[in-house]
Amino acid sequence: MNHLQVARRSILQKSATSLAFTLVCGLSLNSLAQTTNAAANWPNKTVKFIVPFAAGGANDLLARAAAEGASKVLGQPVVIDNRPGAGGTLGTMLGIKSAPDGYTFLISAAGVISNTMIKKSAPYKDNELVPVVMIGLAPSIIVTSSKSKHNNLKEFIEFAKQGQGAHFATAGTGSTPHFVSEMMNMHYGTKLIPVPYKSGSEGSTAVMSGQVEGTSEASIVSLPHTQAGGKFRALATTWTKRMSAAPDLPTTAELGFPEIQIAHWAGIHAPVGVPPEIMDKLASAVDAAMKNPAITDRLKAMGIEPVGGTRASFNEFVNAERAKLGNIIRAAGMKED
């Protein structure tokens, strides 16, 4: 091969490389333009929130409040799709597998974090969902029967240290009351024995009937039974602040037990691939909803605290929860039922 042929081949190779680079860049820019255009026009149709629990619970109520407020901000309907089953896994998988076009989101709870650490059979991984925004939370309330001899949290904890300990109703492994019982055991020397029930309502009934000594349930479940003549005696809320609906009920931290801190929360996660601009728009709309007095006053009356915020603040919360719950799961040896 002479010098002329070599030079010609070199020129052809460079031209081919340049053409390929131009095509790739063109495709990338075109894809970016389409994504940017889709985000700019979002939403132009109905948005769906998948709730992996039955209607009527704290997560469902928070989802409906967020949908109501966000719809007004976004100018498009936001509908609820309740998909209960398999402890929330059924709905979670539907959220993960939905198209990442910004029209289907998952209403998430603590189980989204804890399930992957507790259940070897969990069919998804943490990185298959992206945190979008916190909606709000229902503080947990530690309760005993109204007929109990324990008048406050200190008395209950001292009792649970003695003899064979005490039985504590939960909604199964990894539920919020289960974490509360393990927090007490780890940090304050109690010998609480978690007793799993099918739901928080069943566990609450067990406390009322005296089958178990106590539990820690969401405010919307517990508060109606703590009023005068109710079947519950409220000992403390496990959240960092007193509840708007029960301002006289102290927090665990105020009573000298700061390590007992958790709540039933609801947020929004997206499947991987949803454009950040769309997630930011939704976060902003939900944050506005959680500041709307027409919505927040209604939630607070039920014992639910609106939160809202940004994608960054929710991501920070999720990471902190994962670290905290992970430590408890490992220390307590939590395993799937």
Side-chain angles (χ1 to χ4, degrees), residues 27-85 88-109 112 123-124 127-136 265-296 298-299 304 306-315 318:
L27 290 171
S28 298
L29 289 173
N30 184 53
S31 177
L32 178 62
Q34 289 178 345
T35 299
T36 302
N37 186 55
N41 294 326
W42 181 89
N44 55 26
K45 61 180 181 179
T46 298
V47 177
K48 180 169 66 178
F49 288 171
I50 296 176
V51 180
F53 304 102
N59 290 74
D60 179 68
L61 290 171
L62 280 162
R64 292 177 187 278
E68 175 190 339
S71 176
K72 293 177 181 178
V73 175
L74 297 173
Q76 290 289 344
V78 181
V79 299
I80 300 298
D81 183 9
N82 291 94
R83 295 297 186 99
T89 300
L90 176 62
T92 299
M93 289 305 301
L94 288 173
I96 289 172
K97 293 180 178 180
S98 61
D101 57 5
Y103 289 94
T104 303
F105 295 89
L106 173 70
I107 300 299
S108 51
V112 168
Y124 61 91
N127 60 8
E128 293 184 270
L129 287 166
V130 182
V132 178
V133 65
M134 171 75 95
I135 302 174
W265 57 267
I268 297 176
H269 273 71
V272 174
V274 175
E277 297 86 352
I278 288 178
M279 291 191 287
D280 283 335
K281 279 188 178 181
L282 179 59
S284 179
V286 172
D287 181 60
M290 293 302 104
K291 293 175 181 175
N292 182 341
I295 293 174
T296 59
R298 186 170 74 242
L299 290 175
I304 296 175
V307 178
T310 63
R311 279 209 297 144
S313 63
F314 187 41
N315 191 66
V318 167

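Formation of a donor-acceptor pair under 3.5 Å by the Thr92 side chain with backbone atoms of Gly88 is found in this model. Judged by distance alone, with hydrogens and angles left aside, the side-chain atoms of Trp42 form a donor-acceptor pair with the main-chain N or O of Gly102 at under 3.5 Å.
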*Step by step, would you call Ile268 with Ile107 a side-chain contact (heavy atoms from CB on, under 4.5 Å)?*
CA-CA 5 Å; Ile268 297 176; Ile107 300 299; 3.8 Å; yes
*Step by step, would you call Val130 with Met279 a side-chain contact (heavy atoms from CB on, under 4.5 Å)?*
CA-CA 9 Å; Val130 182; Met279 291 191 287; 3.9 Å; yes
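Counting non-hydrogen atoms of other residues, nucleotides and ligands closer than 6.0 Å to CZ of Arg311 gives a total above 12.
With contacts defined as side-chain heavy-atom distances shorter than 4.5 Å, the pair Leu106/Pro52 qualifies. Residues Met93 and Pro123 are in side-chain contact: their nearest non-hydrogen atoms beyond the backbone lie under 4.5 Å apart. Side-chain contact between Leu62 and Leu299: present, with at least one pair of heavy atoms (C-beta onward) separated by less than 4.5 Å. With a 4.5 Å cut-off on side-chain heavy atoms, Ile50 and Thr104 count as touching. A heavy-atom distance below 4.5 Å is not found between the side chains of Val307 and Ile135.
Heavy-atom minimum distance, Phe53 versus Ala109: CE1-CB, 4.2 Å. The two atoms that bring Glu128 and Ile96 nearest to each other are OE2-CG2, 3.8 Å, heavy atoms only. Nearest approach of Pro100 to Pro271, heavy atoms of both residues: CA-CG, 4.2 Å. Contact between Pro84 and Ala54 at its shortest, heavy atoms only, is CB-N, 3.6 Å. Here the shortest heavy-atom pairing between Lys281 and Ala39 reads NZ-O, 2.9 Å.
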Name each donor-acceptor pair under 3.5 Å that joins a side chain in residues 63-80 to protein atoms two or more places apart or in another chain, with its distance.
from, atom 1, to, atom 2, distance (Å)
Arg64, NE, Asp60, OD1, 3.1
Arg64, NE, Asp60, OD2, 2.9
Arg64, NH2, Asp60, OD1, 3.4
Arg64, NH2, Asn82, OD1, 2.9
Glu68, OE1, Arg298, NH2, 2.7
Ser71, OG, Gln76, O, 2.8

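Inspection of the Thr310 and Ser313 side chains reveals an N or O donor paired with an N or O acceptor under 3.5 Å.
From Thr89, atom OG1 reaches atom OH of Tyr124 across 5.5 Å, with rounding to the nearest 0.5 Å. For the atom pair CG of Leu61 and CD1 of Ile304, the computed distance is 5.0 Å after rounding to the nearest 0.5 Å.
Residue pairs satisfying the side chain to side chain donor-acceptor pair (under 3.5 Å) criterion with at least one member in residues 43-57, sequence neighbours excluded, are listed as follows: Asn44-Tyr103.
The only member of Phe105, Phe314, Phe49 that meets ring pair (Phe, Tyr, Trp, His ring centres under 6.0 Å) when paired with His269 is Phe314.
The salt bridge (charged side-chain N to carboxylate O under 4.0 Å, His left out) search around Lys291 returns Asp287, not counting sequence neighbours.
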